[in-house]
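Structure record follows, encoded as structure tokens.
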Amino acid sequence: MAEPKIIYEDKNFLAVDKPCGMQVHKADSSDTEFTLADWLIGRYPYLENVGDEPSLRPGIVHRLDKLTSGVMVVAKNQEYFRYLKSLFQGRQVKKIYIAVVYGEVKTKDGMIDRPIGIKSGSVKRSVHSEKMVKEAVTHYKVRKIMETGSGVKFSLMELMPLTGRTHQIRVHLASIGHPVVGDPLYGKRKGEIPGIYPRMMLHSLSIEFPATQGRRIKIESEPPGDFKFFMKNLGDDLASKREGIS
């Protein structure tokens, strides 16, 4: 697994590029898995004093799923932690993801507005569950339709979640019949060969929010090598062309 990278830093916060396969923080104090939180504390020990539960989530205001790569922001002091938390709660943070999904998405610019609940006795979420249901809205654009030599189609999508539910993008895309390629929880397809894809094809591309003194800041994370590798094999080399994604 690749190492995280710091892609921006100032006195109040840092932006980190989280690799696919790394958990953001432990589930509880008995969890022994090495996480992004452990990596951060190793480099910024004072983060142990930042956050609502700094022993588990030092400076961490939001999270990405373990198999999702890309940009995250981390507060470096308690005042800015509260500020960032208020932005997320007030839906003032614009997050853009990219994903490769199965099939051809016919509607090229759309909105998925379907509440999400949790399945009883499971970690899975669903738009059909009636347990702990919360509003969930995701705007999307289809950037490219790709087809393999054998005629299998995939869609490259840009996604902007307007709410922040657990597994939201993954659940919403599965709910419209186009799950994320390589998603082990929501993307299993009949007859699919396990391990055929290098990773779950979901990446946090950018995050934008109002910083202090009235200025906005936008931080981007280039898709990593394994994401580009899969795209290149489909004939779309993201290393040299990003087809309008910004």
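Numbers here simply count residues along the sequence, with the first being 1. Just the heavy atoms: all of them, side chains too, but no hydrogens, waters or symmetry mates, feed the values below.
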With clusters defined by side-chain heavy atoms of hydrophobic residues (ILVMFWY) lying less than 4.5 Å apart, directly or transitively, does [Y] cluster with [X]?
X: Ile7; Y: Val93; answer: yes
X: Leu173; Y: Ile116; answer: no
X: Tyr140; Y: Val171; answer: no
X: Phe229; Y: Met201; answer: no
X: Met111; Y: Val105; answer: no

Any salt bridge between [X] and [Y], counting N to O under 4.0 Å?
X: Lys95; Y: Glu208; answer: no
X: Glu33; Y: Lys26; answer: no
X: Lys5; Y: Glu3; answer: no
X: Arg57; Y: Asp52; answer: no
X: Lys141; Y: Glu158; answer: no
X: Glu104; Y: Lys144; answer: no

Measure the shortest side-chain to side-chain distance between [X] and [Y] over non-hydrogen atoms and say whether it is less than 4.5 angstrom.
X: Pro54; Y: Asn49; value: no
X: Phe154; Y: Val181; value: yes
X: Asp38; Y: Leu40; value: no
X: Val137; Y: Ile112; value: no
X: Pro19; Y: Pro4; value: yes
X: Met200; Y: Arg170; value: yes
X: Val74; Y: Val61; value: no
X: His62; Y: Ile207; value: yes

Quiz item: For Thr163 and Gln168, what are the C-alpha separation, side-chain angles and deciding distance, and is it a side chain to side chain donor-acceptor pair (under 3.5 Å)?
Solution: CA-CA 8 Å; Thr163 52; Gln168 177 174 316; 2.7 Å; yes
If every non-hydrogen atom of [X] is compared with every non-hydrogen atom of [Y], which pair is closest and at what distance?
X: Gln78; Y: Gly51; value: OE1-N, 2.8 Å
X: Leu156; Y: Val100; value: CD1-CG2, 4.2 Å
X: Pro179; Y: Gly187; value: CB-CA, 3.6 Å
X: Ile60; Y: Phe81; value: O-CE1, 3.5 Å
X: Pro210; Y: Leu87; value: O-CD1, 3.7 Å
X: Lys228; Y: Pro223; value: CE-O, 2.8 Å

Practice problem: Please confirm whether His178 and Tyr102 have ring centers closer than 6.0 angstrom. | Solution: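 No, the ring centres sit 6.0 Å or more apart.
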Quiz item: For the ring pair Tyr97 and His203, is the centre-to-centre distance below 6.0 Å?
Solution: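 Not close enough - the centres of the two rings lie 6.0 Å or further apart.
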[X] [atom1] to [Y] [atom2] distance, which is reported to the nearest 0.5 Å:
X: Met157; Y: Leu202; atom1: CE; atom2: CG; answer: 11.0 Å
X: Ile145; Y: Ser155; atom1: CD1; atom2: OG; answer: 3.0 Å
X: Ser55; Y: Ile41; atom1: OG; atom2: CD1; answer: 9.5 Å
X: Met146; Y: Thr148; atom1: CE; atom2: OG1; answer: 10.5 Å
X: Phe227; Y: Met231; atom1: CZ; atom2: CE; answer: 6.5 Å
X: Glu222; Y: Ser206; atom1: CD; atom2: OG; answer: 11.5 Å

Ignoring hydrogens and angles, state whether a donor on the side chain of [X] or [Y] is under 3.5 Å from an acceptor on the partner side chain.
X: Thr138; Y: His172; result: yes
X: Asp109; Y: His139; result: yes
X: Glu9; Y: Tyr44; result: yes

Is the side chain of [X] donor-acceptor paired with the backbone N or O of [Y] at a distance under 3.5 Å, no angle test?
X: Thr107; Y: Gly110; value: no
X: Tyr186; Y: Ser126; value: no
X: Arg91; Y: Gln89; value: no
X: Ser129; Y: Ile118; value: yes
X: Asp65; Y: Thr68; value: no
X: Asp183; Y: Val180; value: no

Exercise. Would you check, one step at a time, whether the test side-chain contact (heavy atoms from CB on, under 4.5 Å) holds for Met160 with Lys94?
Key: CA-CA 7 Å; Met160 186 173 72; Lys94 181 179 179 181; 3.4 Å; yes
Quiz item: Should the heavy atoms of other residues, nucleotides or ligands under 6.0 Å from NZ of Lys108 be counted, would the total exceed 12?
Solution: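 Check passes, neighbour count above 12.
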Exercise. Take Glu79 and Tyr83 through the side-chain contact (heavy atoms from CB on, under 4.5 Å) test and state the conclusion after the steps.
Key: CA-CA 6 Å; Glu79 181 181 2; Tyr83 173 69; 5.9 Å; no
Practice problem: Report the C-alpha separation of Leu185 and Lys124 in whole Å, then their side-chain angles, then the decisive distance to 0.1 Å, and conclude whether the side-chain contact (heavy atoms from CB on, under 4.5 Å) test is met. | Solution: CA-CA 7 Å; Leu185 201 56; Lys124 292 185 74 173; 3.6 Å; yes
Quiz item: Given the rule in the side-chain contact (heavy atoms from CB on, under 4.5 Å) test, do Thr35 and Val24 qualify, once you have shown the distances and angles that lead to the verdict?
Solution: CA-CA 6 Å; Thr35 66; Val24 171; over 6 Å; no
Exercise. Take Ser69 and Arg199 through the test side chain to side chain donor-acceptor pair (under 3.5 Å) and record every step on the way to the result.
Key: CA-CA 10 Å; Ser69 58; Arg199 54 162 292 168; 3.0 Å; yes
Practice problem: Could you tell me how the ring of Phe209 sits relative to the ring of Phe13: parallel (under 30°), tilted (30 to 60°) or perpendicular (over 60°)? | Solution: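 Judged by the thresholds at 30° and 60°, the geometry between Phe209 and Phe13 is perpendicular.
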